[in-house]
Protein chains: 2
Amino acid sequence: MSYTKTEENYLKAIYGLESKFGKSVSTNKLANKLETKASSVTDMVKKLAKKELITYKKYQGVSLTKCGKEIAINIIRNHRIWEVFLVEKLGYKWDEVHEIAEQLEHIKSEELVDRLDDFLEHPSFDPHGDPIPDKKGNIPTRKEAIQLNELAIGEEGIIVGVKNTNNEFLQYLEEMNLTLGKKIKVEKVFDFDKSKIIKTEKKKVTISKEVSSNLIIEKS
Amino acid sequence: MSYTKTEENYLKAIYGLESKFGKSVSTNKLANKLETKASSVTDMVKKLAKKELITYKKYQGVSLTKCGKEIAINIIRNHRIWEVFLVEKLGYKWDEVHEIAEQLEHIKSEELVDRLDDFLEHPSFDPHGDPIPDKKGNIPTRKEAIQLNELAIGEEGIIVGVKNTNNEFLQYLEEMNLTLGKKIKVEKVFDFDKSKIIKTEKKKVTISKEVSSNLIIEKS
DNA sequence: CAATATTTTTAGACAAGTCTAAAAATATAT
DNA sequence: ATATATTTTTAGACTTGTCTAAAAATATTG
């Protein structure tokens, strides 16, 4: 069985909201995420429910079935593997690849992404530090990934991910040299606004609470 | 301006039929090539004409405008560059890549194919020996590409292309070891059916007139 | 709890691309 | 040149995914 691009995007969006909020996903949240209208969502959601990819009760929101979840995870796998390809092989910057990967993730071929995965030597994390599910849907984990927020003064770590993949944010990080793999140390925390001074390899920078709550760190 | 996958496929099909038959392309030929109905073609053709991608007069068939031709050639460029990638980098066989390239050719990104082209070091011909147009639409030519048909007894050449990309044909060639780049020599021609004995690097094989008229050879 | 606000669903419409069946134009054959 | 066959176009309908506007259900608030 194969699904339309739209169906796949709905499943992916539901998966994202489900894992972010834990409970069943409301029509409005979905409409917002997919940049469409609530009425369109209602229509689509009925179709997905009939195909048993989600469970849906009127006015109660939706959640993925086992099958729907598998499909969603597979799309995410495709997306992230393509992102690795674009950055590692074609020399894109990590903030340039999202929209193209949104297209490539829907290419219909079991084999293609597997071969790409071989070619890239089975990466576990994409250029934003997000985990790449394997063929069976298993999602790799980091040992002790925490928000930079939770790192105390004097502690060190490596940037392994971002929570927000907004373009402006990624460009900001690029500018500040706070990119994946960079080693950092918390020098100082200002109590009044929770902003921090961070020491990177080259220099010290001050970042807001906003920024530090969106950076994922592996303690070291 | 950007076009739908369907529009692009119509333009590509018109381009193909135009260069094959030389004259304006009939509704039925197009319907046949696109595996759709003549009535659907009429509808679509009106739309493309309104967008000035083709010229169309009722009952007289269509032909591409300059603009339509540019778009068609660009899609072909995309297709062939992706095919090179699939074969050279992901290890596909040349007879396995067509359908996937049909999808990849429609990915919307000027930059992507250019970067891919860089990555592949600007190939001039795809895995079937077909020329890859450059960014401006220039199509590379071979020096003296002829049909194996036209090669006389005793003459030698290198296989540089196929006229027919039918899967069974490609698999047959694979089996016979008559793949791109292989050096061959005409040993004998049987007058009664124009079948030939061909010497390859390893062995001698007999091929029909059918086969030899579908192989493109560069004399040497 | 009743009144108001918000969310969700329904109903009806639209665009893209396709189809069938029938009509119109063109081509072929006697 | 007239009759027949073929090709092409038209007309009307269907599907997918979307929309607006209005109705129904749920949530919130005094």
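The chains referred to below are lettered A, B, ... by the order of the sequence lines, with proteins before strands, and numbering in each begins at 1.
- When the nucleotides C:dT18, C:dT9, C:dA25 are ranked by their closest atom to the side chain of B:Tyr59, C:dA25 comes out on top.
- Summarising the geometry, the separation between CD on A:Glu35 and P on D:dT18 is reported as 12 Å, rounded to the nearest angstrom.
- Side-chain atoms of B:Lys37 lie closest to C:dC19 of the nucleotides D:dC19, D:dT9, C:dC19.
- Protein atom CG of A:Leu34 is 19 Å distant from nucleotide atom P of D:dT16, rounded to whole Å.
- Classified by interplanar angle (parallel below 30°, tilted 30° to 60°, perpendicular above 60°), the ring pair A:Phe169/A:Tyr172 is parallel.
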As a quick check of understanding, evaluate salt bridge (Lys or Arg N to Asp or Glu O under 4.0 Å) for A:Arg77 and A:Asp114, giving each step before the final call. CA-CA 10 Å; A:Arg77 170 175 154 82; A:Asp114 291 341; 2.8 Å; yes

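- Between A:Thr27 and C:dT9 there is a side-chain N or O to OP1 or OP2 distance below 4.0 Å.
- Between A:Thr6 and B:Gly61, the residue anchored closer to the 5' end of DNA chain D is B:Gly61, taking for each the nucleotide with the nearest heavy atom.
- Of all nucleotides listed (D:dT9, D:dA24, D:dC19), D:dT9 comes nearest to the side chain of B:Thr42.
- The distance between atom OH of B:Tyr56 and atom C1' of C:dA25, rounded to the nearest whole Å, is 11 Å.
- In terms of phosphate contacts, B:Tyr3 brings no side-chain nitrogen or oxygen within less than 4.0 Å of OP1 or OP2 of C:dA16.
- The side chain of B:Asn28 lies closest to D:dT8, out of D:dT18, D:dT8, C:dT18.
- Distances shorter than 4.0 Å separate some side-chain N or O of B:Lys46 from OP1 or OP2 on D:dT10.
- In this entry the distance linking CG of A:Asp43 with C1' of C:dA13 reads 12 Å, nearest Å.
- Between B:Glu7 atom CD and C:dT18 atom P the separation is 10 Å, expressed in whole Å.
- The base of C:dT20 lies close enough to the side chain of B:Ser39 for a donor and an acceptor atom to sit less than 3.5 Å apart.
- Taken from NZ in A:Lys209 to NZ in A:Lys196, the straight-line distance is 9.5 Å, to the nearest 0.5 Å.
- Between the NZ atom of B:Lys57 and the C1' atom of D:dT8 there is a distance of 16 Å, rounded to whole Å.
- Of the candidate nucleotides D:dT26, C:dC19, C:dT10, D:dT26 has the atom lying nearest to any side-chain atom of A:Gln60.
- With distances taken from any side-chain atom of A:Lys58 to the nucleotides D:dA24, C:dT10, C:dC19, the minimum falls on C:dT10.
- Nearest heavy-atom pair across B:Pro133 and B:Ile73 is CB-CG2, 3.5 Å.
- B:Asn32 has its CG atom 16 Å from the P atom of D:dT6, to the nearest Å.
- C:dT9 atom P lies 11 Å from atom CG of A:Leu30, rounded to whole Å.
- Within the structure, a side-chain polar atom (N or O) of B:Thr36 is placed less than 4.0 Å from OP1 or OP2 of C:dC19.
- By the 6.0 Å and 45° rule, B:Lys89 stacks over the aromatic ring of B:Phe119.
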